[in-house]
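The chains referred to below are lettered A, B, ... by the order of the sequence lines, with proteins before strands, and numbering in each begins at 1. Side chains are part of it too, since the values below use all heavy atoms of this structure and drop only hydrogens, waters and symmetry mates.
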Protein chains: 2
Amino acid sequence: MAGPPAAVRLSEVAAAAGVSIATASRSLRGLGGVSDTVAEKVRGIAEDLGYVTNSYARTLAGGSTTIVGLILNQIDDPYFTEIAAGVVRAAEDADLTVQIGHSTRDPHRELKQIRSLVAQRARAIIIAGSGYTDPQRELQAKELLARYEAGGGRAAVIGRHFLGVDAVQPDNRGAAGQVARHLVELGHRDVVVISGLPSLTTVEDRQGEAVKVLAAAGARVTVVETDFTGHDAGRAALGALDGEPRATAVMALSDAMAISVLTGLRRAGVDVPGTISVTGVDDVPVAELISPSLTTAAFPLSELGREALLLTTRPQATRPRRKMIPAQLVVRESTAPPRS
Amino acid sequence: MAGPPAAVRLSEVAAAAGVSIATASRSLRGLGGVSDTVAEKVRGIAEDLGYVTNSYARTLAGGSTTIVGLILNQIDDPYFTEIAAGVVRAAEDADLTVQIGHSTRDPHRELKQIRSLVAQRARAIIIAGSGYTDPQRELQAKELLARYEAGGGRAAVIGRHFLGVDAVQPDNRGAAGQVARHLVELGHRDVVVISGLPSLTTVEDRQGEAVKVLAAAGARVTVVETDFTGHDAGRAALGALDGEPRATAVMALSDAMAISVLTGLRRAGVDVPGTISVTGVDDVPVAELISPSLTTAAFPLSELGREALLLTTRPQATRPRRKMIPAQLVVRESTAPPRS
DNA sequence: ATGAAAGCGCTAACAA
DNA sequence: TTGTTAGCGCTTTCAT
């Protein structure tokens, strides 16, 4: 595995510019102590030569890394890919590169990913996805991240976690509340709520608010738990509607589940929204494209990612920051007043 | 900002074990040439001390990286996220980590990404997305990759590129041919083809085969060029149908464009497939969910990514490998015989 | 304002 | 089998 150096080195840039590598280094990093003329010249030459800093050498020599680790619950779920897109774009604007891992919602995998990132001296670690309602479950990760930040690293989460780091929090309660109120205003008083794993904070928040709003309006509420991935939401909804023949609406606590419900109802020949109204939460891109298009509460997903990245570029605050991101109700074709 | 955590160094492990750092290094990497007793002892001490290899030092010293770079044309397009999912999963199976960048189809950005990856000593570089029909346009990237591979790196592309490296090639001609034949068999003889930038090999291949098959069947073909992202495909299709009132089908050369066409037709009140049949290519997950569901040619997208990753784990062959991946026609609701 | 030189922690010849 | 040593490419004092 020998061969010609595959990358342009700082020494080559320096030589081409007729200066020492120290001066070249200063010029490239805009450090001052270098005449503007020289600095400008060096930058031009570096550009022409296609010079890129060797991050290993830089890091080893005491410089900082440009790696940002991003840990996703699920790599092929639009909710997460939208967030990832936001992170990647913001990172590139900040000259950072993103390393992606996925945890499949498995705490062990998540820990392993964090350790690997710490060992890589990643400049920042971003964890996207729901937290767990049981703080105990996140204890190890929390300790790991605390040590990491004490050592100069930066961490941020997207969602409500108990990880003691900066957080971008989609307003899940608000989102669920808006959708529930929409159903109430349409006149629905008998609603099936398709929920997910109660161990996830996202589920807890959305379900809590949904049930609260619906109950406050005097509606009958049937909650059905599924695995929150949408795989069995359609079947679950059909089962619930069998048991609750008077129900006029299905409120799924995520778009992924709502889409599964829509598919299930279509196959069963149930008219949406004529017979049953259906709603989701998140507003993934598909929500607008399916038919009937989905009434849901929209989160600016890629902005969630962007905000998280930005948080990690600011110095650590004395107490973890919380940036709440509001949802916005989007009424589309899947909801209508209940048939009378 | 505190300094880096007091990381345990190899020299400390060596000292504690009473051996040289060379022996310690060999022991830890299981390299042989070390007595089992010593090796075992060193490993135990390293474990006790919580030693973790400094990957920067290791890489700088000539050791190998575990980073695989993945350059995507577009980070938030389902076509690419599916591919990315395949790469990430296969990488994790091989204990590799994936670094994602996106080029926005801009050759300059792409070059920058490649350079960055080369500088990072990525073990492999995977480029996903269409190549350019003008080989000149890829010349710089080709040189860069050649030097990279000469230096021991591995590269692979997904799509037909002129980059001189291993390639996973979705059979774009075959895919377009199958869809075109499907339309012909249904009886369509007046078809609008929504195409993309002619500078992309994917577009060239799909359009060439589509037009060939349709023309061979004696059909009238109207080709409309768009930007291949789907942003203006809907508008373009409506315009073309205005000019070609006898057209009975719109064949979009990608699902992204087909979905845009479907949306445009729905807004214009055109019945699909009653009045106009619509087809796509790719079979992104949404294709099955929209309504009417989309007739298209399916590529196993995440497998494309997986195959590319696997190619990079094998040693370089004397000539670049080409792995052709066939498409499969999926007939859904968006196509029907033309109304007579 | 610029340069020389000492490492950063590790791997990989080469010696012993 | 083990140790010695020369870098990897860069940042950073310390001189000039």
Item to check | Modelled atom types, side-chain donor and acceptor of B:Arg29 and B:Ser25, under 3.5 Å | outcome: yes

Next on the checklist: Please determine whether the number of non-hydrogen atoms from other residues, nucleotides or ligands lying under 6.0 Å from atom CD of B:Glu12 exceeds 12.
Outcome noted: yes

Checklist entry - Is the shortest distance from a Lys or Arg side-chain nitrogen in B:Arg43 or B:Glu40 to a carboxylate oxygen in the other one below 4.0 Å? => result yes

Next on the checklist: Can you tell whether the side chains of B:Lys323 and B:Asp166 come within less than 4.0 Å, N to carboxylate O?
Outcome noted: no

Next on the checklist: Of all nucleotides in DNA chain C that come within under 4.0 Å of a heavy atom of chain A, which is furthest toward the 5' end and which toward the 3' end?
Outcome noted: C:dA1 to C:dG9

Checklist entry - Rounded to the nearest Å, what distance is computed from the CZ atom of residue A:Arg29 to the P atom of nucleotide D:dC10? => result 11 Å

Checklist entry - Do A:His102 and B:Glu92 have a side chain donor and acceptor closer than 3.5 Å? => result yes

Item to check | Protein-nucleotide distance (A:Leu10, atom CG; D:dG9, atom P), rounded to Å | outcome: 11 Å

Checklist entry - Roughly how many Å is it from NZ in B:Lys41 to P in D:dT2, rounded to a whole number? => result 11 Å

Item to check | side-chain contact (heavy atoms from CB on, under 4.5 Å) evaluation trace for B:Arg115 with B:Tyr148 | outcome: CA-CA 9 Å; B:Arg115 287 210 191 90; B:Tyr148 172 65; over 6 Å; no

Checklist entry - Do the side-chain N and O atoms of B:Arg121 and B:Thr59 include a donor-acceptor pair separated by under 3.5 angstrom? => result no

Item to check | Pairwise 5' ranking along DNA chain D for A:Ser55 and B:Asp36, keeping only the more 5' one | outcome: B:Asp36

Give every pair of a protein N or O atom and an N or O atom of nucleotides 3-7 of chain D that lie under 3.5 Å apart, one pair per line with the distance.
unit_1: D:dG3; atom_1: OP2; unit_2: B:Ser20; atom_2: N; d: 2.9
unit_1: D:dG3; atom_1: OP2; unit_2: B:Ser20; atom_2: OG; d: 3.1
unit_1: D:dG3; atom_1: OP2; unit_2: B:Thr23; atom_2: OG1; d: 2.7
unit_1: D:dG3; atom_1: N7; unit_2: B:Arg26; atom_2: NH1; d: 3.4
unit_1: D:dG3; atom_1: O6; unit_2: B:Arg26; atom_2: NH2; d: 2.4

Checklist entry - Distance only, no hydrogens: is a donor on one side chain within 3.5 Å (strictly under) of an acceptor on the other, for B:Thr201 and B:Ser130? => result yes

